[in-house]
Amino acid sequence: MANELTVAVLGPGGVGGLLAALLSRTGHRVICLSGERTAEALRTDGIQVRSARFGDFTARVEADTELREPVDACLVTVKHTALDAALARVPAPVLSDGLLVPFLNGVEHPAALRARYRPDRVAPAVIRVESTRVAPGVVEHGSPFAEIDLTGTDVPRARLDALAEAFAAAGPATRVLEDETAALWAKMSFLAPFALLTTVYGLPLGEVRTRHRDELTALVEETAAISRACGGPADPAQALARYDAFPASTKSSMQRDAEAGRPLELDAIGGALLRAAERHGIPAPVVARVVGEVHPSA
């Protein structure tokens with residue numbers, strides 16, 4: 001990779017739109033892949049970002065409905081519920097040697113993507129951010145932070161380092177991690193209790209962590225046990241401390257989807273958690289109950 005990269009962004013929504021705009025602002029060529037209506041809006045008006053952390057700005061990007069040329073990396077920032085249809089916009093022969101960088105919730109997607117694209121070019125990433133698309137090409141970044149972990153078991157380290165350098169220069173604090181399993185389960189261990197409980201109760205994190213503290217604690221402990229069995233980190237106290245440090249008004253993306261009547265990533269988060277628990281014989285009664293309570297909303 002050269003210093004200036006060509007990066008495709010599949011799904012320029014809250015996360016994808018923010019990353020596309022930040023990378024474009026720092027001089028990288030960015031091609032957003034979406035439906036024609038969104039693509040036309042991006043070609044005409046660019047991406048408008050409203051962020052206390054990164055400032056309010058508009059970034060120019062290219063936009064298309066399909067990847068038509070090789071790129072250094074393609075960021076996959078759609079929801080799991082739209083993944084299969086969205087991947088049709090990224091033909092494997094066109095992506096070729098480019099990195100495929102999924103910013104997806106859950107832990108099961110890398111295997112599926114490696115069956116479709118070059119296994120040694122699939123570089124899973126984790127992002128910690130609250131960012132929302134409020135209109136095509138308009139992104140509100142609400143969290144005081146944006147942090148990226150980039151990994152990839154068989155991806156050449158130089159490729160990961162070059163992309164991480166581009167992310168870090170654009171704004172998000174970025175690091176490359178050696179252990180892909182640990183990176184994905186660290187995100188899952190934090191995300192699952194947060195997403196499930198905020199969605200079940202329709203409350204922001206601040207109210208969940210006070211009004212439903214015992215349930216949150218039990219869910220965190222079960223998730224940590226599952227993570228440990230899968231080779232991931234397991235520190236319930238650290239997870240609870242991180243929840244306590246978040247702004248009280250924080251909502252999960254699953255909660256926002258439920259409020260908007262959109263399909264929920266319940267299977268990618270809760271379903272994957274239960275499947276992992278079953279594989280390893282880990283009791284998870286609280287996870288099972290809460291997933292069951294979310295299910296009607298899906």
Side-chain angles (χ1 to χ4, degrees), residues 7-26 28 30-35 37-42 45-61 63 73-83 85-87 89 101-106 109 124-150 167 170-174 187-188 190-192 194-195 198-199 202 204-205 246-247 249-266 268-269:
V7 179
V9 177
L10 177 62
V15 169
L18 177 65
L19 294 177
L22 291 171
L23 288 169
S24 174
R25 184 169 69 165
T26 49
H28 301 287
V30 177
I31 306 168
C32 292
L33 306 175
S34 66
R37 176 171 171 265
T38 296
E40 180 59 30
L42 298 184
D45 301 319
I47 299 178
Q48 302 172 51
V49 173
R50 304 166 187 163
S51 169
R53 172 70 176 81
F54 300 119
D56 296 348
F57 66 97
T58 298
R60 307 304 304 182
V61 296
C74 177
L75 314 185
V76 181
T77 55
V78 296
K79 296 291 181 70
H80 261 284
T81 51
L83 181 60
L87 290 177
R89 303 188 190 278
V101 186
F103 286 85
L104 295 171
N105 292 325
H109 56 275
V126 168
I127 186 166
R128 290 173 288 277
V129 71
E130 184 182 17
S131 187
T132 305
R133 188 191 89 150
V134 295
V138 182
V139 174
E140 291 185 352
H141 170 220
S143 58
F145 54 83
E147 303 167 349
I148 294 173
D149 290 340
L150 186 61
F167 283 140
T174 306
K187 170 71 178 291
M188 181 72 140
F190 176 82
L191 174 66
F194 169 44
T198 55
T199 304
L205 179 58
F246 266 59
S249 60
T250 302
K251 293 184 177 183
S252 68
S253 60
M254 185 186 289
Q255 179 186 2
R256 292 185 185 279
D257 286 340
E259 291 172 347
R262 293 188 291 262
L264 306 185
E265 292 184 300
L266 185 61
I269 299 173

Can you name the residues that form a ring-ring contact (aromatic ring centres under 6.0 Å, His included) with F145, not counting sequence neighbours?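 F246.
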
Check side chain to side chain donor-acceptor pair (under 3.5 Å) between [X] and all other residues, then give those that pass, not counting sequence neighbours.
X    : result
S252 : T198
E130 : R256
S143 : H141
E147 : R128

Starting at [atom1] of [X], measure out to [atom2] of [Y] and round the result to the nearest 0.5 Å.
X    : Y    : atom1 : atom2 : answer
E265 : M254 : CD    : CE    : 6.5 Å
T58  : I47  : OG1   : CD1   : 9.5 Å
I31  : S24  : CD1   : OG    : 11.5 Å
T199 : I269 : OG1   : CD1   : 8.0 Å
K79  : R262 : NZ    : CZ    : 5.5 Å
L42  : Q48  : CG    : CD    : 10.5 Å

With sequence neighbours left out, write down each residue that passes side-chain contact (heavy atoms from CB on, under 4.5 Å) with A125, or none if nothing qualifies.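 Partners of A125 under the side-chain contact (heavy atoms from CB on, under 4.5 Å) test: V101, F103, L150.
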
Counting C-beta onward and ignoring hydrogens, is there a side-chain heavy-atom pair between [X] and [Y] closer than 4.5 Å?
X    : Y   : result
R89  : V78 : no
P172 : L19 : yes
F57  : L22 : yes

Please confirm whether the backbone N or O of T174 pairs with a side-chain atom of D149, one donor and one acceptor, at under 3.5 Å?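 Not at all, since once roles are kept as given, no pair shorter than 3.5 Å links the two residues.
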
Given the rule in the side chain to side chain contact (heavy atoms under 4.5 Å, CB included) test, do I148 and V129 qualify, once you have shown the distances and angles that lead to the verdict? CA-CA 9 Å; I148 294 173; V129 71; over 6 Å; no

Carefully, step by step, assess T77 and I127 under the rule side chain to side chain contact (heavy atoms under 4.5 Å, CB included). CA-CA 10 Å; T77 55; I127 186 166; over 6 Å; no

K187 versus N105, side-chain donor and acceptor atoms under 3.5 Å: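 Yes, a side-chain donor-acceptor pair sits under 3.5 Å.
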
G16 versus V9, closest heavy-atom pair with distance: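 Minimum heavy-atom separation between G16 and V9: O-CG1, 3.6 Å.
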
Can you name the closest pair of heavy atoms from A21 and A59 and give their distance?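 So the two residues come closest at O-CB, 3.6 Å.
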
